[in-house]
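Notes for the one structure printed next.
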Amino acid sequence: MAETTTVTDGIHYHQHDVVIVGAGGAGMRAAIEAAPKASTAVITKLYPTRSHTGAAQGGMAAALANVEEDSNEWHTYDTVKGGDYLTDQDSAEILTREAIDAVYDLENMGLPFNRTPEGKIDQRRFGGHTRDHGKAPVRRACYAADRTGHMILQTLYQNCVKHGVEFFNEFYALDLVMAEVDGVQRVSGIVAYELATGEIHVFQGKSVVFATGGFGKIFKTTSNAHTLTGDGVGIIWRKGLPLEDMEFYQFHPTGLAGLGILLTEGARGEGAILRNASGERFMERYAPTIKDLAPRDIVARSMVQEVLDGRGAGPNKDYVYLDTTHLGAEVLETKLPDITEFARTYLGVDPVTERVPVYPTAHYAMGGIPTNNDAEVLSDNDTVVPGLYAAGECACVSVHGANRLGTNSLLDINVFGKRAGNNAVAYALGADFVPLPTGAADGVVKLLAQLREGTGTESVAEIRKALQETMDRNAQVFRTEETLQTALDDIAALRERYPNVRIHDRGRRFNTDLLEAVELGFLLDLAEVLVVSAINRKESRGAHMRDDFPKRDDETYMLHTMAYRTDAGAAGAQGIRLDWKPVRVTHYQPQERKY
Amino acid sequence: MSDDEKKNEDSKGFEGAAETGDPTAQADAAAEATTADAQSAMSSSGTSAEPAGSAAEAADRDVEPAPAAAAEPVEAPQSFPVTVIVRRYDPEVDDEPRWVDYDVQMYPTERILDALHRIKWEQDPSLAFRRSCAHGVCGSDAMRINGKNRLACKALVKDFDTSKPIYVEAIKGLPLEKDLIVNMEPFFDSFREIQPFLQATGKPEKERHQTIAQRERFDDTTKCILCAACTTSCPVFWTDGQYFGPAAIVNAHRFIFDSRDEASQVRLDILNDQEGVWRCRTTFNCTDACPRGIQVTKAIAEVKQAMMTGVKL
């Protein structure tokens, strides 16, 4: 096993067989596979238990059939249809087939799932998950109250402790190191910034796994944590590797109005109902069969449509209600305790007796770093980058297509996190280290020095706020060429201001001022890729709703978007080249999507 | 960090505060005095995670004739000035911590975390604190606010008397690193020591079975988010950093009372140590501080009980 540390010219050099970036669900699931077999380091911006996996609430889908008839084929169908037929169907088959063992793995590791009267793992309904190809909602989501993500994160961390996984906590990965060997670009390691000391660390690894999560902070109203700034996806992008399907960003229907804090879809799974200002159950008009349990893209659009049509509630008629009052205190306290408390704490509304104001909130990136089914990162439509893996929200397999189903992300991190860990360690055991190129850390040293020593006058917080506001206004649930172009112009103007940001904290220790400036750079990059990809897709599919092209166009767009960074950028803009990648279809031909 | 180093850091922090006149000392005493009341109120609400009082409020609402009253704000709330006094410390510059005043415009339903962000983003970007999820599930932003451990993202402005300043400082008993950031390693070391993972022999084909009642037995302690609010509110931990602390015991409890686990005795032996559960003086600070509403003191008592009479699942 390789595991050494040296310091040269103030830079720390480490060697590990497997280097995992990110300690959320996917990263830790990968670590549990890799650590027992080879020297494994997990580089994480946050203490592992702070990761946003812990904020996931409702459940993890798997056709266990513990409470009613179910099959993983039905689950595959739902996932493909839910993804508006942009889902790669062979990947979805893997996801739903391996779901069952993924849940048993977690239970065996100690996860305290809710139980049926027979002592088996209990299951609940969730949006878009149906019996026999759309006939009725099915109980498929395995859950632990409304803190399933918390339990997964804790259980995975507990098992990392058990296996002695080595964590580098509050180490912020800033660059991927690659080197050419025999004409092929291979992974050599990563460069990280230690928040506590301001020191630079190079982690050389035979294989590297990216499990860095999402980038919801490009939006203002979001369920995402402050720290979800897309650093990992941004690093890959800056390396010239492609990003897939970035225009597909999910807005979760039930964020607490004005705040964006998530209220699980599991509430509707337990019977909660969305109502407009007049109390009408409006989802009956939009999805007559499964109503409030339609997939998220449809529910979010329906809610926004209600508000646009003047049926919104509240003094500004700008939200709708989640009605849980008929569920009773017992169900709320035992199955939905956390969201009950969120509503009480943050809105002063008691879900036992009052309807809760809700509105869609930016939630999840369907797109990201393209991978194959083995979690290997791709440098084009099908060429693997040797030694580089990605899993979880940062990756795009694509199992979620144009719209992810609820409970499929906790599943994704477990299935593809495990695959990433297994494959990364197998690769590392059969490979040598790729020598670090000279000056491996130069790029990061330069980036940090430029920011830290800059003499500009721009405020990081102001630029970020302006970015988030234009994204909320122009690239949210409904989009048009015009709004997207406005967003793009705004982003270009902000990018011009960005090099002049002023860092006030010139110190080394816990320089969160510097950290936020670096994060902003990634946010700007990714917002632009999202908007450019969205302008290019002149159809409506899943979460990407173009008012000017309201129909799905399978003739032209049954394809994944592949975005590449190029050198030639206009003023303020990056050079972005767009290409397409075919969707892999196995059994399900595109059909009209009705619920 | 060795124990001696840790003690030095601690005492430095304490003396620094004493010299500048610790403005939270009174609040501290007040918090201790009301702890017993708060505890009895919480016990009466059974296993509910809700703060005392919500049950009564709910009952009030029940008598309203409307079955499902929609929450309609009567008028838009107004923002108002709040003074937040933060204990700043940058070891690269400061010899000792210092209290710094900031005036911020706040809305009543905003969080103390929002106030800190407003300071950082509009007045002084060098202010350092941890935060992530901003709604009480990640455990990053445990702080001492007016002398009481809270998560900054769960402490709302309206719950404070804003005619007076709000004091914010780092949690106590862990080495202070910068401003509101402490070194969390000793805390996680204690967590890791109690073997916080399921230990069960045999590999079942599917899930291990567990009845609803068996699952319920340890539900309360599964809620822990490792924020350290409990451990760093504990007077025993302040004076003896070797004490495992409430959070580690809570996590031991989570496994000791899990019907699937086979290593309860191992953990009980670990906690029977002189730095284990017997150091607990039942001051209930931990229960009061827990942002997840875990009955921490009760969990500690159950672990003590199990040592004497065996584990009752």
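What's counted below: heavy atoms across the whole structure, side chains too, no hydrogens, waters or symmetry copies. Residue numbering restarts at 1 for every chain, and letters A, B, ... go by the order of the sequence lines.
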Chain B contact via [X] - which portion, at a heavy-atom distance below 4.5 Å:
{"X": "A:E462", "value": "neither"}
{"X": "A:T334", "value": "neither"}
{"X": "A:I261", "value": "side chain"}
{"X": "A:R464", "value": "side chain"}
{"X": "A:L111", "value": "backbone"}
{"X": "A:F510", "value": "both"}
{"X": "A:D101", "value": "neither"}

Hey, are [Y] and [X] close enough side-chain-wise for a donor-acceptor pair under 3.5 Å?
{"X": "A:S278", "Y": "A:E280", "value": "no"}
{"X": "B:R88", "Y": "B:S126", "value": "yes"}
{"X": "B:Q214", "Y": "B:D258", "value": "no"}
{"X": "B:T201", "Y": "B:E262", "value": "yes"}

Next item on the list: May I ask you to list the residues in residues 151-160 of chain B that approach chain A closer than 4.5 angstrom, counting heavy atoms only, ordered by number?
Entry: B:C153, B:K154, B:L156
Next item on the list: Report the option among B:V93, B:D179, B:D90, B:V137 that has the most heavy-atom pairs separated by less than 4.5 Å from atoms of chain A.
Entry: B:V137
Check: Picking from B:C133, B:S132, B:C224, which has the most non-hydrogen pairs under 4.5 angstrom with chain A?
Finding: B:S132
Check: Do A:Y157 and A:F167 have ring centroids that are under 6.0 Å from one another?
Finding: yes
Notebook entry, point to check: Among A:D122, A:V103, A:N66, which residue meets the side-chain contact (heavy atoms from CB on, under 4.5 Å) test with A:F113?
Noted result: A:V103
Notebook entry, point to check: Is it true that A:D505 and B:K178 make a salt bridge, defined as a side-chain N closer than 4.0 Å to a carboxylate O?
Noted result: yes
Next item on the list: Mind telling me whether B:F188 and B:F191 have parallel, tilted or perpendicular rings, with 30° and 60° as the class edges?
Entry: perpendicular
Notebook entry, point to check: Parallel, tilted or perpendicular: which describes the rings of B:F257 and B:H253, with under 30° parallel and over 60° perpendicular?
Noted result: tilted
